[in-house]
Enquirer: 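Sending over a structure as structure tokens; questions will come in a sec.
To find a chain, count down the sequence lines: A is the first, B the second, and so on, and within it residues start at 1. Owing to the predicted nature of the structure, the values given are computational and were not obtained by experimental measurement.
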Amino acid sequence: SAVISQKPSRDICQRGTSLTIQCQVDSQVTMMFWYRQQPGQSLTLIATANQGSEATYESGFVIDKFPISRPNLTFSTLTVSNMSPEDSSIYLCSVISGGGADTQYFGPGTRLTVL
Amino acid sequence: AQSVAQPEDQVNVAEGNPLTVKCTYSVSGNPYLFWYVQYPNRGLQFLLKYITGDNLVKGSYGFEAEFNKSQTSFHLKKPSALVSDSALYFCAVRPAQGGYQKVTFGTGTKLQVIP
């Protein structure tokens with residue numbers, strides 16, 4: 001399995017500002033994913049980020065609000081732009097790892113509070 | 001469209017008793033099925049998966065799950081619950097065929113093990 005780290009682990013931000021979350025993986029992976037978990041809710045996929053191509057966003061999520069970078073096979077960033085209190089969530093990075101490309105592993109998450 | 005149902009928001013069980021966390025799914029074709037656990041203020045940890053083969057799958061921390069195709073279920077079980085098993089459990093599904101396809105998560109079941 002892959003070991004995934006995220007920075008920051010938590011942050012408190014003012015509305016209207018932006019926050020960039022970093023995701024680092026200990027091995028090269030093709031597919032990386034960003035999820036949002038709102039308080040008391042399940043996971044919602046924001047986008048899929050493959051190295052060398054534009055991120056693919058799910059319905060309800062747009063690049064202007066959640067720009068993603070994927071500069072290499074071990075790193076990605078997600079920016080939450082022009083934040084509002086509704087953006088308060090846990091943001092999780094996830095990768096596919098292992099033979100068969102069948103299991104996703106998750107980072108520890110970034111807990112974001114927007115005031 | 002694929003879906004996952006976890007009918008119980010919360011399951012309470014006494015320490016030492018067997019536990020079951022229920023999951024049913026809907027997907028086109030054969031499924032890949034997963035269980036994840038989320039401890040407070042942590043990311044999701046992979047517990048076990050069903051890909052093919054034996055319907056009884058064994059995973060981490062003494063957990064197991066039984067795939068039942070006729071009932072489209074994948075219930076998580078453990079013979080003897082520990083207080084440390086108290087956490088949020090997510091079931092997930094995706095189609096088995098056609099390369100990687102998006103995983104759908106259930107809404108989660110909070111397991112409370114009572115000392």
Enquirer: Please work out whether the ring planes of B:Phe34 and B:Tyr32 are parallel, tilted or perpendicular, with thresholds of 30° and 60°.
Expert: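 Perpendicular.
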Enquirer: Could you look at A:Gln37 and say if it's the side chain, the backbone, both or neither that has a heavy atom under 4.5 Å from chain B?
Expert: side chain
Enquirer: Pick one of side chain, backbone, both or neither for B:Gln38, based on which atoms fall under 4.5 Å of a heavy atom in chain A.
Expert: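 Only the side chain of B:Gln38 comes within 4.5 Å of chain A.
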Enquirer: Please work out which of the three classes, parallel, tilted or perpendicular, describes the rings of B:Phe46 and B:Tyr36, given edges at 30° and 60°.
Expert: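 Ring orientation, 0 to 90° scale: perpendicular.
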Enquirer: Same cluster for A:Leu45 and A:Val95 if Ile/Leu/Val/Met/Phe/Trp/Tyr side chains link at under 4.5 Å?
Expert: yes
Enquirer: Got a second to check how far A:Asp87's CG is from A:Arg36's CZ, nearest 0.5 Å?
Expert: 6.5 Å
Enquirer: What residue in A:Gln6, A:Gln41, A:Arg111 has the most heavy-atom pairs under 4.5 Å with chain B?
Expert: A:Arg111
Enquirer: Side chain from CB out, backbone as N, CA, C, O: work out which of these in B:Phe90 comes under 4.5 Å of a heavy atom of chain A, or both, or neither.
Expert: side chain
Enquirer: Pick one of side chain, backbone, both or neither for B:Ile51, based on which atoms fall under 4.5 Å of a heavy atom in chain A.
Expert: side chain
Enquirer: Donor-acceptor pair, distance only, cut-off 3.5 Å: does the side chain of B:Lys78 make one with the backbone of B:Phe63?
Expert: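 Not confirmed, B:Lys78 side chain does not pair with B:Phe63 backbone.
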Enquirer: Under 4.5 Å from any heavy atom of chain A, what part of B:Lys102 do you find: side chain, backbone, both or neither?
Expert: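 Answer is side chain: those atoms of B:Lys102 sit under 4.5 Å from chain A.
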